Protein chains: 2
Amino acid sequence: MVTIKEVAKKANVAVSTASYALNGIKKVSPETKEKVVQAARELNYRKNGFASDLKRNSTKTLALILSDLSGPFYSELIRGVQDVATDHGYDLIACSAIGGENSTAAKFLTEHRVDGCIVLAHNITDEMLKNVAHHNFPIILLDREIEVDSTVHVRVNNKKGGFKATEYLIQNGHTDIAFVSGPSNSYDNKMRFAGYQEALQAYNIELQNKWIVSGNFTREGGESAANILAAQDQVPTAIFFANDEMAVGGMEAFQKRGISIPNDISIIGFDDILEAKYVYPKLTTIRQPKYEMGASATHIIFQMLKNEEVNPTFELHTDLIIRESVKKL
Amino acid sequence: MVTIKEVAKKANVAVSTASYALNGIKKVSPETKEKVVQAARELNYRKNGFASDLKRNSTKTLALILSDLSGPFYSELIRGVQDVATDHGYDLIACSAIGGENSTAAKFLTEHRVDGCIVLAHNITDEMLKNVAHHNFPIILLDREIEVDSTVHVRVNNKKGGFKATEYLIQNGHTDIAFVSGPSNSYDNKMRFAGYQEALQAYNIELQNKWIVSGNFTREGGESAANILAAQDQVPTAIFFANDEMAVGGMEAFQKRGISIPNDISIIGFDDILEAKYVYPKLTTIRQPKYEMGASATHIIFQMLKNEEVNPTFELHTDLIIRESVKKL
DNA sequence: ATGAAAGCGCTAACAC
DNA sequence: GTGTTAGCGCTTTCAT
């Protein structure tokens, strides 16, 4: 590997001068600079980023920690992160938390390899986060329940969103409303369910346990939930799927059985994924401001990096997106 | 920041001993090891990954360079890369090539921040690749045209795939076959088109220029291509969309116009994206072995890292996936 | 404007 | 088994 030393030698200058020249620091004369740059080019010199980061004690890069690099995840959110990072002249890398303690994510979280992290992964333990959180190592948690010191949370008001979804169904004349839930360890799911409960209660509708079925946030889960619901002797007139993925699967399962959406059953989802407006009928849902989540999280990182005081939690709100999957009774 | 020096001091040992203990190197006695680990824990010591990488001159991490972190991309492919990297005890990070010369990708490509790269991005120039390629810095290029020294290519036989798609249409009795192309600078597109041409020629069917329309590889492009085709006085009986994304858009556009697939027009795509089997009718297409592409690319990196001789190009083949969007005439 | 040299935090060769 | 120390490649202070 060719080092700056060799470049300096070839250009007949000291390493310090070479460093200045290569980094565009003004105090070096145009001619010397040219000499150095030329030598570097001839030797095909590539700086060693680590050495320089080590010395500077800053990496100018942020890590985005995902459950799994191969998705699925919200691309809008990532775009939000990316845009803000770029605006600040920072680089962004994404890494996977598969493997927990031994994951790439853990390596970046613990080994000072980045200046800050945005965590969008549930397979990284609270424990680990706690150990790593540090006043000058900003960590932003997306959609997480726990409060970890020196950590900030950005989340959507899932409960209010769940309420809105359920209320919209009620306002359309529905009272027999099922809830298809995500995994029980999901904070999002828990809150959406809480919103569902609250809305039923607010309108004096009794919650029916037989209509609470689990779908694991996956398309297949949605299908099987729909099948379970359809097989009961009393079928609900509307279903609130705790995410769109399940809703899409559920719609398909119903249609396979000859049950028409929204004529026979109304459906509302949560998230507003890209597909929501491409399915038939177009899915009515609760939109999460995904881009804003990513952008806010990243903004907060930079505030923290500047040692500004920030709130420990940051909450965004949801919107009801009315499309075609809910019928007025 | 607490360094290994402080840990050593607290544990009353030399830094080397601390280093050995922390890295699980056997030559240190259990008691000393315990002392060190304990001290590290108490001080909340986190190693500086750069310092250690710098010293070891190896990062044990690979970079996956994508056009844009926020997708879209083939998750199957990434899974292939991820699996193989993990098997070898390597970490994987993904980074974006947005910004070209100034992108994060460029930083990782040029600054020795990883041990190898897999490039799945068209916004990184051949020029840059050429400058960076080095016999002990493996770079694998996916779906690229150019031959760059010290670089290996993994690609799918797009031409043969294009041939297969077209031939299947012909074997189903079609002779009026349109081609909806991707961007003209795409190597994939070019080769798929070549396969289309070759098949027509092989079966003595004349190529009709009015039936070659551009769709830019996007869903919207597919829609507008379908509309253009539908508006002509002579409409083809079958269409080969150069990717599934466009095919899905095209199907939708036709259906909006009351044209039935496959009764009025047969459609075949390319890629076999996830959605292909969810649309109605299910899309007949040419499958790319995406997982295998990722896995092979990564395997090759490790071969190169071990200084084994590897072929400069590695070609995978496609499969015809017959579903419901092509009718026998 | 340029150079000499210290030192970032770590690993590993070497000495004991 | 443990300690001393050189040095990875770079930036930056200080002297000139």
Side-chain angles (χ1 to χ4, degrees), chain A residues 1-40 43-61 107-108 110-115 134 136-137, chain B residues 1-40 43-61 107-108 110-115 134 136-137:
Chain A
M1 212 182 52
V2 18
T3 72
I4 198 172
K5 217 164 157 183
E6 303 172 48
V7 174
K9 193 161 165 194
K10 174 143 192 158
N12 277 312
V13 294
V15 280
S16 53
T17 307
S19 176
Y20 294 139
L22 261 8
N23 288 302
I25 284 166
K26 50 249 155 202
K27 59 159 130 179
V28 53
S29 79
E31 307 85 61
T32 347
K33 173 165 179 172
E34 184 45 45
K35 259 197 317 189
V36 173
V37 169
Q38 182 59 27
L43 294 171
N44 194 27
Y45 165 74
R46 306 278 150 199
K47 88 143 116 176
N48 183 317
F50 293 153
S52 112
D53 283 349
L54 175 60
K55 184 68 193 177
R56 290 202 220 254
N57 199 28
S58 134
T59 65
K60 288 260 184 191
T61 114
K107 180 164 157 180
F108 280 82
T110 56
E111 300 185 356
H112 301 278
R113 303 182 111 98
V114 286
D115 294 350
H134 195 69
N136 49 22
F137 181 51
Chain B
M1 211 180 54
V2 20
T3 72
I4 198 173
K5 217 166 159 180
E6 302 172 49
V7 174
K9 192 163 168 191
K10 174 145 194 157
N12 276 314
V13 295
V15 281
S16 55
T17 307
S19 175
Y20 294 140
L22 261 7
N23 287 302
I25 285 166
K26 50 252 157 199
K27 58 158 129 179
V28 53
S29 79
E31 308 84 59
T32 345
K33 173 164 180 171
E34 185 46 44
K35 261 197 314 189
V36 174
V37 169
Q38 183 58 26
L43 295 171
N44 193 26
Y45 166 73
R46 306 279 149 199
K47 89 144 114 177
N48 183 317
F50 292 153
S52 118
D53 282 350
L54 176 60
K55 182 68 193 180
R56 292 202 220 254
N57 199 27
S58 133
T59 65
K60 289 258 183 195
T61 115
K107 180 164 158 180
F108 279 82
T110 57
E111 297 184 357
H112 301 278
R113 302 184 109 98
V114 286
D115 293 351
H134 195 68
N136 48 23
F137 181 51

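Every value quoted in this text rests on a predicted model; they were computed, and no experiment measured them. We use all heavy atoms of the structure for the numbers below, so side chains are in, but hydrogens, waters and symmetry mates are not. Letters A, B, ... mirror the listed sequences (proteins, then strands); counts begin at 1.
Residue-to-nucleotide proximity on DNA chain D shows that, of A:Ile25 and A:Met1, the 5′-proximal contact is made by A:Met1. Of the two residues near DNA chain D, B:Val13 and B:Ala51, the one whose nearest nucleotide lies more 5' is B:Val13.
A close approach under 4.0 Å does occur between a side-chain nitrogen or oxygen of A:Ser19 and OP1 or OP2 of D:dT11. Side-chain nitrogen and oxygen atoms of A:Lys55 include none within less than 4.0 Å of the OP1 or OP2 phosphate oxygen of D:dC8. For B:Lys26 and D:dG1, the shortest distance from a side-chain N or O to OP1 or OP2 is not below 4.0 Å. Between A:Asn48 and the phosphate of D:dC8, there is no side-chain N or O to OP1/OP2 separation shorter than 4.0 Å. Within the 4.0 Å cut-off from OP1 or OP2 of D:dG9, not a single side-chain nitrogen or oxygen of A:Ser52 is found.
Ranking C:dT2, D:dC10, C:dT11 by closeness to the A:Lys47 side chain, first place goes to D:dC10. Taking the side chain of B:Thr3 as heavy atoms from C-beta on, and the options C:dT2, C:dG9, D:dT2, the nearest nucleotide is C:dG9. Comparing C:dT11, C:dC10, D:dG1 by their closest approach to the side chain of B:Ser29 singles out D:dG1. In the set C:dA12, D:dT2, C:dA1, the nucleotide with an atom closest to the side chain of A:Thr32 is C:dA1.
Between B:Tyr45 and B:Glu6, every side-chain heavy-atom pair lies at or beyond the 4.5 Å cut-off. Between A:Val13 and A:Lys35 there is a side-chain heavy-atom pair separated by less than 4.5 Å. For the pair A:Lys10 and A:Leu43, the minimum side-chain heavy-atom distance is below 4.5 Å. Counting heavy atoms from C-beta outward, A:Val7 and A:Val36 have side chains that approach closer than 4.5 Å. Side-chain contact between B:Val2 and B:Asn44: absent, with no pair of heavy atoms (C-beta onward) separated by less than 4.5 Å.
Distance CG (B:Asn57) to C1' (C:dT11): 12 Å, rounded to an integer number of Å. The interatomic distance linking A:Phe50 (CZ) with D:dG7 (C1') rounds to 18 Å, in whole Å. As rounded to whole Å, 6 Å separates atom P of C:dC8 from atom NZ of B:Lys5. If you take CD of B:Glu6 and P of C:dC10, they are 9 Å apart, rounded to a whole angstrom. If you measure from atom NZ of A:Lys33 to atom C1' of C:dT2, you get 16 Å, rounded to the nearest angstrom. Distance B:Lys107 NZ to D:dC10 P: 15 Å, rounded to the nearest Å. Atom-to-atom, CG of A:Asp53 to C1' of C:dG7 comes out at 16 Å; the value is rounded to the nearest Å. If you take CD1 of B:Ile4 and C1' of C:dA12, they are 12 Å apart, rounded to a whole angstrom.
Atom NZ of B:Lys107 has more than 12 neighbouring heavy atoms from other residues, nucleotides or ligands inside a 6.0 Å radius.
Classified by interplanar angle (parallel below 30°, tilted 30° to 60°, perpendicular above 60°), the ring pair A:Phe50/B:Phe50 is parallel.
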I'd like a list of close polar pairs between nucleotides 13-16 of chain D and the protein, N/O only, cut-off under 3.5 Å.
residue: D:dT13; atom: O4; partner: A:Tyr20; partner atom: OH; Å: 3.1

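Atom-to-atom distance recorded for B:Ser52:OG and A:Arg113:CZ is 6.0 Å, nearest 0.5 angstrom. The structure places NZ of B:Lys33 at 14.5 Å from OH of B:Tyr20, a figure rounded to the nearest 0.5 Å.
Comparing the local axis fitted to the first five base pairs of the helix from C:dA1-D:dT16 to C:dC16-D:dG1 with the one fitted to its last five gives a bend of 40°, rounded to 10°.
A donor-acceptor contact closer than 3.5 angstrom is absent between the side chains of A:Asp53 and A:Thr59.
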